[in-house]
Amino acid sequence: MTTGIPEATIRCFLAGIRERLENAAATAKAAETCGEAGNLEQALAIVLDVEQPLYEVTTYLNAASLMNRTCRD
């Protein structure tokens with residue numbers, strides 16, 4: 001493996017993490033607003049949409065961490 005962290009790839013991972021977290025936060029806010037309005041069933045349905053982006057964030061984070069560890073060796 002080449003030495004040094006592939007910077008373009010890490011930047012792509014960081015952008016993906018930011019984008020997904022922003023979308024997840026907006027979704028959570030919508031669910032919160034819905035819940036505050038008294039519609040808890042709809043709030044729960046909305047907040048479940050956060051699951052996939054959070055999974056993707058974890059995957060990006062794991063990939064960045066792995067690249068960091070393997071490129072340092």
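We count residues from 1, following the sequence as given.
Residue E41 places its CD atom among 12 or fewer non-hydrogen atoms of other residues, nucleotides or ligands, all under 6.0 Å distant. Within 6.0 Å of CD on E22 lie more than 12 heavy atoms contributed by other residues, nucleotides or ligands.
Separation of atoms CZ (F13) and OG1 (T59) is listed at 10.0 Å; rounding is to 0.5 Å. Here the straight-line distance linking atom CD of E56 with atom CD of E51 works out to 11.0 Å at 0.5 Å rounding. Separating the CG atom in L54 from the CG atom in D49 is a distance of 11.0 Å, to the nearest 0.5 Å. Once rounded to the nearest 0.5 Å, the distance linking SG of C71 with CD1 of I10 reads 7.5 Å. Taking CG of L66 as the reference point, atom CG of L61 lies at 11.5 Å (rounded to 0.5 Å). Here CD of E36 is found 10.0 Å from SG of C34. Values are rounded to the nearest 0.5 Å.
Distance alone, capped at 3.5 Å, is enough to place a donor-acceptor pair between the R20 side chain and the G16 backbone. For T27 (side chain) and N23 (main-chain N/O), a donor-acceptor pair under 3.5 Å exists by modelled atom type.
Heavy-atom minimum distance, A28 versus V50: N-CG2, 4.2 Å. Of all non-hydrogen atoms in A24 and P53, the two that sit nearest each other are CB-CB, 4.4 Å.
Applying the salt bridge (charged side-chain N to carboxylate O under 4.0 Å, His left out) rule to E19 yields no partners; only residues at least two apart in sequence or on another chain are considered.
Linking Ile, Leu, Val, Met, Phe, Trp and Tyr whenever their side-chain heavy atoms come within less than 4.5 Å puts M67 and L14 in one cluster.
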